[in-house]
Amino acid sequence: MKAVYFLGNRQIEIREVPDPTPGPGEVVLEIKASGMCGSDLKYYRSAGGADSIGLGRKSAAPVIAGHEPCGVVAECGPGVVGKLARVGTRVMCHHYAGCGCCRQCRTGWTQMCDDGSITFGANGDGAHARYMKVPVDSLIALPEALSFKAGAAISCGTGTAWGGLERLALRGSDTIAIFGQGPVGLSGTQLAAAMGARVIAIDVNTTRLERSAGFGADVRIDAAKDDVVAAILHETGGFGVDCAMDCTGLEDARSHAIRATGKWGRVVFLGEGGMVSIDVSNEMIRKQMTLSGSWTFSRNGQAECARFVASRKIDVDSLFTHAWPLEEAVEAYRLFDNQTMGKGVLIPA
Ligand SMILES: [Zn+2]
Ligand SMILES: [Zn+2]
């Protein structure tokens, strides 16, 4: 099969490699859609490729890229049992592997395995290929109503937004400010609106901001032009938002999220990297603020997100602006790198 590798410094190689064979406890998926995520861009750009900035175990050699896998079960290894492990079943994959025995693995947070995790597409073979070998317990049912593309988005970007909203315990009566309207932030806007919340969307990119209206943003603030905190206070009668979610990883946006959140407010950081400084007394303690970090989602969280999207008929497919055959991965990532597109997906032939 053909498989996409990030070699570092924006170099991509499409290699011909043997089809994977499932071992005990493993299945091989035939990938129908393999999403492109912001983290892939980080891996693509870094000097050492994906593995150089992973948080888990180091891999000995470059791995197949892609960590938003969705497809059908193509082959089951020896001893594999379970309802999902049948050839032809439509599935997503929780894109991590752990020891399976520690407290984190047992609660479905495999990415936090005490023994060091493997992230597919970063330090273990990923989904930018026709076939992908995964542990059977990483399979998540793809509801019949959802497309493979939607399943791919839920496997990281949209699922990460879901995880953040869960951490905030968002209520329909809340007003939430969502910083960054790339694929994760835009998913957050779409999900929060479906949960009944009033959404204030913030971005520096006018195209992204305009798009957010169609995904349920009630108010849009252009951070390149406007005083974000003043605009949010204005929109909330001076009280500030009930909660805020940062999907940018940028210091300014994090600081605005904290300062624009009112008394008893909740803030969650999803965007990775970087720093922020906080006036702890005035901005946190005296406001009784809860500040959390949220890293993707658990296996159950991924399944719950998929069920919510299916039952509310949320159009996750519309996040995607571009689809490419696997062979065009070089062009796909070149364009993605410019950050002018929405979400992309690779479709193996
Ligand atoms: Zn573990
Ligand atoms: Zn991702």
Side-chain angles (χ1 to χ4, degrees), residues 4 6 25 31 33-46 49-51 53-57 63-70 92-128 132 134-138 140 149-164 180 182-188 191 245-249 269-273 293-302 305-306 316 319-320 329 332-333 336-337 339 341-346:
V4 175
F6 296 145
I31 298 295
S34 182
M36 295 161 67
C37 175
S39 303
D40 291 319
L41 211 50
K42 216 165 43 179
Y43 303 154
Y44 170 73
R45 289 171 178 164
S46 84
D51 195 33
I53 49 174
L55 295 170
R57 301 173 203 159
V63 297
I64 299 171
H67 65 273
E68 292 190 342
C70 192
M92 300 177 286
C93 165
H94 187 251
H95 64 273
Y96 307 97
C99 71
C101 303
C102 74
R103 188 169 154 193
Q104 305 305 331
C105 285
R106 285 195 162 136
T107 52
W109 291 96
T110 328
Q111 65 269 48
M112 295 167 67
C113 176
D114 291 337
D115 202 25
S117 65
I118 289 173
T119 301
F120 303 137
N123 57 348
D125 281 336
H128 284 357
M132 178 184 181
V134 301
V136 67
D137 57 10
S138 71
I140 313 284
K149 273 198 322 190
I154 290 166
S155 295
C156 190
T158 297
T160 294
W162 171 269
V184 174
L186 197 58
S187 291
L191 294 170
M245 184 157 89
D246 175 63
C247 306
T248 71
F269 289 168
L270 301 184
E272 297 240 30
S294 179
W295 180 24
T296 59
F297 40 83
S298 69
R299 289 173 182 166
N300 283 341
Q302 183 173 350
C305 177
V316 167
L319 289 168
F320 290 93
Y333 276 94
F336 190 27
D337 194 23
Q339 292 275 281
M341 53 181 264
K343 193 171 173 68
V345 62
L346 297 180

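As the structure lists them, so they are numbered: ligands from 1, and atoms in each ligand from 1. Keep in mind that what you see is a predicted model, and the values were worked out from it rather than measured.
Within the 4.5 Å cutoff, no side-chain heavy atoms of Tyr96 are placed close to those of Trp109.
The aromatic rings of His95 and His67 are tilted relative to each other, their planes meeting at an angle between 30° and 60°.
Classification of Lys149 and Glu68 as a salt-bridged pair fails, no side-chain N sitting under 4.0 Å from a carboxylate O. The existence of a salt bridge linking Asp337 and Arg45 is confirmed by a sub-4.0 Å separation between a basic side-chain nitrogen and an acidic carboxylate oxygen.
Each protein N/O/S atom under 2.8 Å from the Zn ion (ligand 1) was counted, for a total of 4.
Taking 2.8 Å as the threshold, Cys156 counts as a candidate ligand of the Zn ion (ligand 2), since one of its N, O or S atoms lies below it.
With 3.5 Å as the limit, one finds no donor-acceptor pair spanning the side chains of Thr110 and Gln104. Remark: the Ser138 side chain and the Arg299 side chain contain no N/O donor-acceptor pair separated by less than 3.5 Å.
For the pair SG of Cys37 and NE2 of His67, the angle at the Zn ion (ligand 2) is about 110°; rounding is to 10 degrees.
Note that CG of Leu270 and SG of Cys247 are 4.5 Å apart. Values are rounded to the nearest 0.5 Å.
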